[in-house]
K.L.:
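Please see the structure below; I have some questions.
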Amino acid sequence: METIYYAYNPWWEGKRLDTGIDRDFYLKNVPAFLQRRQIEVFIGSRRTGKTTLLKQMIKKLMAEDISEKDVFYLAMDHPALSGVRIAEHIRNMRKLFLHDRDRKLYLFLDEVQESPQWETELKALYDLEQVKIFCTGSTSSLLTRQQGKLTGRQIVGTIYTLSFREYIRFMGAFPSLSEDYKYEQLAEAYLNVGGYPEQVLNPSEEYMMNLLEDIIARDLARLNPVKKPHILKDLLRLIGSAVGSRTSYNKLSKVLGLSLDTVKDYIGYLEVAFLVKPLEKWTTSWSEKVYAQKKIYLWDNGLKTLLTGSGDAGNKAENAVFMELLRNGLTCGYYAESEREVDFVTGTRENPLPVEVKYLADFDWQDKRYAGLRLFLGRFPATKKALVITKNVRTVLEVNGVKVHIVPLWKFLLDAPAIFTELETIR
C-alpha cells in the first residue's frame with residue numbers, strides 16, 4: 001500500500017508535479033476554499049480534467065507554504081485503494097510520517113463514489129478529524145445518494161469542459177484584439193471540436209467515441225436500470241439533431257419505441273452523467289414551467305459533432321452560449337409564444353434580459369428571425385437591455401428605449417462575465 005501512496009503523491013519525495021495548463025477559472029477560488037471548513041465536492045463529466053485540476057490545486061497549496069507531507073491524494077477508482085476505508089488511509093498516512101492526531105491534513109479524493117460507504121466516512125472525517133477534504137465525482141447522482149449525510153458539510157461545484165477562453169489558451173496564445181478575424185476562426189473551430197481537454201489538444205473522433213462509450217458503460221448502464229444501453233446513443237442523436245428546438249417527449253418515445261416514462265428516465269440519466277442539460281420555459285407560472293416542452297442542450301459541442309457531424313454552426317453557437325450562461329452561474333429559460341421564441345431569458349419579470357443567438361454575418365432588426373425578440377420587448381416593457389449574439393456584427397441599437405447590444409459570438413464567449421456585468425451596471 002505504501003508503494004501506491006508514494007506513486008500517487010510524488011511530492012512527498014520532492015519530485016516535480018506536472019499539472020499541465022492551469023485552469024485559472026477554478027484555481028482563483030483556492031484561497032476561499034482554504035478559508036472554510038466544508039468539504040469541496042467537484043462534479044462533472046468524465047475527462048473534463050477533474051483529476052488534473054485537483055493536482056493543480058495541490059500545487060497551489062504547496063506554493064502557499066503548506067507542507068508536502070500534509071497533502072494526501074488518493075484515486076479511489078484504484079482497486080487496491082477502494083477496498084480500504086478512507087479513515088484507514090488517513091491513519092496509514094499519519095503513521096507513515098508520525099503526524100500528531102491533531103495535525104491538519106489536506107485530503108484529495110478522486111472519483112470518491114468508487115469507495116464503499118464514502119458518504120458516511122466523509123461525515124465522520126469532517127466531524128472528528130483535522131482535515132480539509134477535496135473530492136471529485138463523475139455523476140451528479142452521487143449527491144442524491146448521500147441521503148442528507150453531508151448536508152451543511154459540503155459545497156458543490158461543477159467542472160465544465162473548456163470555455164472558449166480556456167480553449168484558446170490550450171491552443172497556444174491569444175491573438176491581438178486588432179486581429180479579431182482570428183478569434184472568429186478560433187470560435188468556429190471551438191464550435192466543432194468542443195472543450196474536452198484531450199480532444200482539444202489531440203482531436204480524434206475515436207477519442208470522442210471511446211469517451212461516450214465509457215460514460216454510458218460506467219456512469220449510466222452500471223448505475224441505472226437501463227435495459228437497452230444502445231438506445232441511449234440513439235436518444236442522444238435525436239437530441240443532438242434538435243438542439244435549440246422544443247422537444248416533444250411523446251415524439252421521442254414513438255420514434256424510439258419506448259414508453260414515455262422510460263424516455264423521461266433516460267433523459268434524466270443522461271443529465272446526471274453530464275451529457276445533456278434540459279432548459280425550462282421562462283415563466284412565472286409553475287404549472288406552465290413544469291408542463292411546457294423543454295429544450296435540451298448537449299453538455300459539449302464535441303459530442304454534437306460526433307453525433308450529428310461538423311455542420312449546423314447555428315445550433316452549435318446556441319449550445320455554446322447556453323453552456324457559457326451555466327458556466328457563469330446565470331439561471332435562464334427560453335421564452336415562447338406560439339411559434340415565436342427568444343432563445344434565453346435571464347433575470348426577473350421586473351428586470352429581464354433576453355438573449356438571442358443568430359449566427360449570421362449581418363444584422364437586420366426587421367428580419368422575421370427577430371420576431372420573437374420584438375414580441376418579447378412588447379410583452380415586457382420593463383426590459384431595458386437585450387443581447388443579440390451574431391457571427392461577426394458588433395453594434396448597439398436603440399428600440400423604443402431598449403438598448404439592443406449586438407456582439408459577435410467570439411466576443412461573447414471570450415468576455416461573457418464582463419459583458420453581463422456591463423449590462424447589469426448600465427441598466
Side-chain angles (χ1 to χ4, degrees), residues 1-20 22-23 26-27 29-43 46 49-138 142 146 149-150 153-157 159:
M1 190 70 73
E2 188 175 316
T3 301
I4 299 174
Y5 290 162
Y6 272 97
Y8 276 126
N9 297 267
W11 48 89
W12 290 354
E13 299 181 280
K15 294 180 180 178
R16 182 177 177 273
L17 184 60
D18 184 9
T19 58
D22 283 354
R23 299 190 68 179
Y26 303 100
L27 293 176
N29 296 318
V30 169
F33 297 158
L34 297 178
Q35 292 296 315
R36 61 198 188 199
R37 185 163 177 258
Q38 285 92 343
I39 300 167
E40 310 294 341
V41 180
F42 303 105
I43 57 176
R46 289 188 181 275
K50 298 189 299 298
T51 298
T52 300
L53 183 59
L54 282 189
K55 292 180 179 179
Q56 289 174 2
M57 290 181 179
I58 289 171
K59 189 174 182 179
K60 191 171 180 65
L61 256 62
M62 293 188 297
E64 297 186 6
D65 295 329
I66 291 175
S67 171
E68 291 89 343
K69 290 182 172 61
D70 291 342
V71 179
F72 193 19
Y73 170 87
L74 294 169
M76 300 312 298
D77 54 357
H78 190 292
L81 300 181
S82 61
V84 178
R85 292 173 56 245
I86 297 172
E88 190 66 22
H89 289 304
I90 292 286
R91 185 177 182 279
N92 291 343
M93 182 201 179
R94 289 194 187 279
K95 182 179 179 181
L96 190 62
F97 298 117
L98 298 179
H99 284 333
D100 293 336
R101 181 81 163 60
D102 60 353
R103 181 163 176 164
K104 186 171 184 178
L105 303 180
Y106 299 84
L107 177 62
F108 291 79
L109 300 171
D110 208 1
E111 298 295 345
V112 68
Q113 76 277 356
E114 299 297 334
S115 177
Q117 304 300 317
W118 65 272
E119 314 96 316
T120 303
E121 289 218 58
L122 291 193
K123 178 180 181 297
L125 286 174
Y126 180 88
D127 292 342
L128 301 174
E129 295 270 357
Q130 278 285 90
V131 59
K132 174 66 180 181
I133 303 170
F134 300 78
C135 55
T136 71
S138 292
L142 69 88
Q146 294 174 15
K149 291 185 176 71
L150 297 180
R153 297 175 174 85
Q154 66 179 353
I155 296 178
V156 181
I159 307 302

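Counting begins at 1 with the first residue of the sequence. Atoms considered below: every heavy atom in the structure, side chains included; atoms not considered: hydrogens, waters and symmetry mates. These numbers were taken from a predicted model, which means no experiment stands behind them.
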K.L.:
Not counting sequence neighbours, which residues clear side chain to side chain contact (heavy atoms under 4.5 Å, CB included) with I4? List them please.
P.N.:
Y8, H78, A80, L81
K.L.:
Which pairs pass side-chain hydrogen bond (donor to acceptor under 3.5 Å, both in side chains) with one or both residues in residues 56-69, sequence neighbours excluded?
P.N.:
none
K.L.:
Could you list the residues that satisfy side chain to side chain donor-acceptor pair (under 3.5 Å) with R37, not counting sequence neighbours?
P.N.:
Y126
K.L.:
Among residues at least two apart in sequence or on other chains, which ones pass side chain to side chain contact (heavy atoms under 4.5 Å, CB included) with P116?
P.N.:
none
K.L.:
Return the set of residues passing side chain to side chain donor-acceptor pair (under 3.5 Å) with K55 (not counting sequence neighbours), or none when no residue passes.
P.N.:
none
K.L.:
Of all residues at least two apart in sequence or in a different chain, which pass the salt bridge (charged side-chain N to carboxylate O under 4.0 Å, His left out) check with K15?
P.N.:
E13
K.L.:
Of all residues at least two apart in sequence or in a different chain, which pass the salt bridge (charged side-chain N to carboxylate O under 4.0 Å, His left out) check with D127?
P.N.:
K123, R153
K.L.:
Restricting to non-hydrogen atoms, name the atom on E111 and the atom on S138 that form the minimum distance, rounded to 0.1 Å.
P.N.:
OE2-OG, 2.7 Å
K.L.:
Tell me, please, which residues at least two apart from R16 pass side chain to side chain donor-acceptor pair (under 3.5 Å).
P.N.:
none
K.L.:
Can you list the residues that meet the side chain to side chain contact (heavy atoms under 4.5 Å, CB included) rule with L96, with sequence neighbours excluded?
P.N.:
E2, Y6, W12
K.L.:
State which residues pass side chain to side chain contact (heavy atoms under 4.5 Å, CB included) with N29; sequence neighbours excluded, sorted by chain then number.
P.N.:
F33
K.L.:
Which pairs count as side-chain hydrogen bond (donor to acceptor under 3.5 Å, both in side chains) when at least one residue sits in residues 88-98, sequence neighbours excluded?
P.N.:
Y5-H89, Y5-N92, R94-E129
K.L.:
Using side chain to side chain donor-acceptor pair (under 3.5 Å) as the criterion, list what pairs up with R85, not counting sequence neighbours.
P.N.:
none
